[in-house]
Amino acid sequence: ALDILQILSYLGIFVFAVTGVLKARTKRFDLIGAVILSFVMAYGGGTTRDLLIGIRPVSWINDNFAIIIVLVATIITFFFKLNFKVIKKLLFWTDAFGIGFFTIVGLQIALQAGIGEGYALIMGVITATFGGLLADILCNSVPNLLKPGELYATACLIGGALYLAMKFFKINAEISMIVCVLVTAAIRIYSIRKKLQLPMI
């Protein structure tokens, strides 16, 4: 039986793989380009986290199911010929929920590895944002993580911090995880809709 953490992890991988293919399509990449980008999106953050906290081998090595998810997501997305407006809307939703899934997964994996809560929260943010960061760098565009008007890492921080608070008050772990995902996604969606931003430097 899959536990909720694995389910959230696979959901995140699927959603980010789809996001990667959609990004590849906006950049007019070919099929191999799309597979590479979806792989980077789906695994960039988790790999960075595993390398930082010393998990060997990194999480996706030997996880055949995870690789299949990326390929299936790529194939499904590849065959749905959507117009640009629909792609943009889809990207908006998949990305918001993707960072929600990955924030909690990264946070939990770090906690299980014995990392302190503050650093575990940072690992959650890295897991959620570094795949997109690397994919954007490969696409030669300014990463969402660095753009003003997008509470990207901030959404992950708030969602993750809320989870840690609920954990402190011994609230049911599964409920806490789901709340973290929804809050992270909601803040991200709200910030883009309302163009909220942090103060400029």
Side-chain angles (χ1 to χ4, degrees), residues 8-49 59-60 65-106 124-157 159 181-198 200:
L8 292 176
S9 174
Y10 287 139
L11 274 171
I13 288 167
F14 182 78
V15 162
F16 266 171
V18 169
T19 309
V21 184
L22 293 172
K23 268 188 205 253
R25 188 171 292 170
T26 62
K27 295 288 180 191
R28 295 246 172 280
F29 288 2
D30 66 6
L31 191 55
I32 292 293
V35 170
I36 291 170
L37 209 58
S38 71
F39 197 84
V40 167
M41 268 303 294
Y43 291 117
T47 303
T48 309
R49 174 203 66 228
S59 52
W60 53 270
F65 187 55
I67 304 291
I68 291 164
I69 292 175
V70 171
L71 294 175
V72 168
T74 306
I75 291 159
I76 293 171
T77 318
F78 185 75
F79 283 112
F80 278 103
K81 293 286 180 246
L82 305 165
N83 69 17
F84 200 71
K85 258 175 110 156
V86 177
I87 291 178
K88 284 210 83 110
K89 232 187 179 64
L90 261 178
L91 259 172
F92 175 75
W93 288 98
T94 57
D95 203 47
F97 278 94
I99 64 170
F101 293 137
F102 271 3
T103 297
I104 191 63
V105 170
V125 175
I126 286 174
T127 308
T129 58
F130 268 57
L133 176 84
L134 294 167
D136 286 334
I137 291 168
L138 289 177
C139 290
N140 210 6
S141 42
V142 176
N144 280 338
L145 185 57
L146 306 177
K147 278 184 194 159
E150 303 209 8
L151 299 183
Y152 198 65
T154 313
C156 304
L157 275 171
V181 171
L182 295 176
V183 168
T184 305
I187 292 170
R188 171 83 175 135
I189 290 163
Y190 186 77
S191 79
I192 296 180
R193 287 264 160 88
K194 296 276 183 252
K195 303 233 181 318
L196 298 181
Q197 41 180 292
L198 296 172
M200 301 293 260

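We number each residue from 1, following the sequence as shown. It should be emphasised that the depicted structure is a prediction, and the values quoted were computed from it without experimental measurement.
- Taken to the nearest 0.5 Å, the CZ atom of Phe16 stands 14.0 Å off from the CD1 atom of Ile69.
- The shortest distance between side-chain heavy atoms of Phe102 and Val15 does not fall below 4.5 Å.
- Annotation: side-chain contact (heavy atoms from CB on, under 4.5 Å) contacts of Leu138 (sequence neighbours excluded): Leu37, Val40.
- Taking both residues in full, the closest heavy atoms of Val70 and Ala42 are given as CG2-CB, 4.0 Å, listed atom of the first, atom of the second, then distance.
- One distance of note links SG of Cys139 with CG of Leu134; it measures 11.0 Å at 0.5 Å rounding.
- Here the shortest heavy-atom pairing between Phe97 and Val181 reads CD2-CG1, 4.3 Å.
- Aromatic ring orientation, Tyr43 versus Trp60: tilted (interplanar angle from 30° to 60°).
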(request) Start with the C-alpha gap between Thr184 and Thr103, add the side-chain angles, then the distance that decides, and say whether side-chain hydrogen bond (donor to acceptor under 3.5 Å, both in side chains) holds. (result) CA-CA 8 Å; Thr184 305; Thr103 297; 4.6 Å; no
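- How far CD1 of Ile104 is from OG of Ser9: 12.0 Å, rounded to the nearest 0.5 Å.
- For the residue pair Ser38 and Val35, the shortest heavy atom distance occurs at OG-O, 3.0 Å.
- To the nearest 0.5 angstrom, Ile189 atom CD1 is 4.0 Å from Trp93 atom CH2.
- Residue Thr154 holds its OG1 atom at 4.0 Å from CG of Leu198, rounded to the nearest 0.5 Å.
- When Val21, Ile36, Val18 are each tested for a side chain to side chain contact (heavy atoms under 4.5 Å, CB included) with Thr74, only one passes: Val21.
- Contact annotation: the side chain of Phe39 approaches that of Ile67 to within less than 4.5 Å [non-hydrogen atoms, C-beta and beyond].
- Judged as a side-chain contact (heavy atoms from CB on, under 4.5 Å), and not counting sequence neighbours, the contacts of Lys194 are Tyr190, Leu196.
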(request) Determine, step by step, whether Leu22 and Thr77 satisfy the side-chain contact (heavy atoms from CB on, under 4.5 Å) criterion, reporting the C-alpha distance in whole Å, the side-chain angles of both residues, the deciding distance to 0.1 Å, and the verdict. (result) CA-CA 7 Å; Leu22 293 172; Thr77 318; 3.7 Å; yes
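- Residue Leu91 comes nearest to Thr19 through the heavy atom pair CD2-CG2, 3.2 Å, listed as atom of the first residue, atom of the second, then distance.
- The stretch residues 127-140 participates, sequence neighbours left out, in these side-chain hydrogen bond (donor to acceptor under 3.5 Å, both in side chains) pairs: Lys23-Asp136, Arg49-Thr127.
- Residues Met41 and Gly132 share a closest heavy-atom pair of SD-CA, 3.5 Å.
- Considering all non-hydrogen atoms of both residues, Leu145 and Phe130 come closest at CD2-CE1, 4.4 Å.
- Atom NZ of Lys88 is surrounded by 12 or fewer heavy atoms from other residues, nucleotides or ligands within 6.0 Å.
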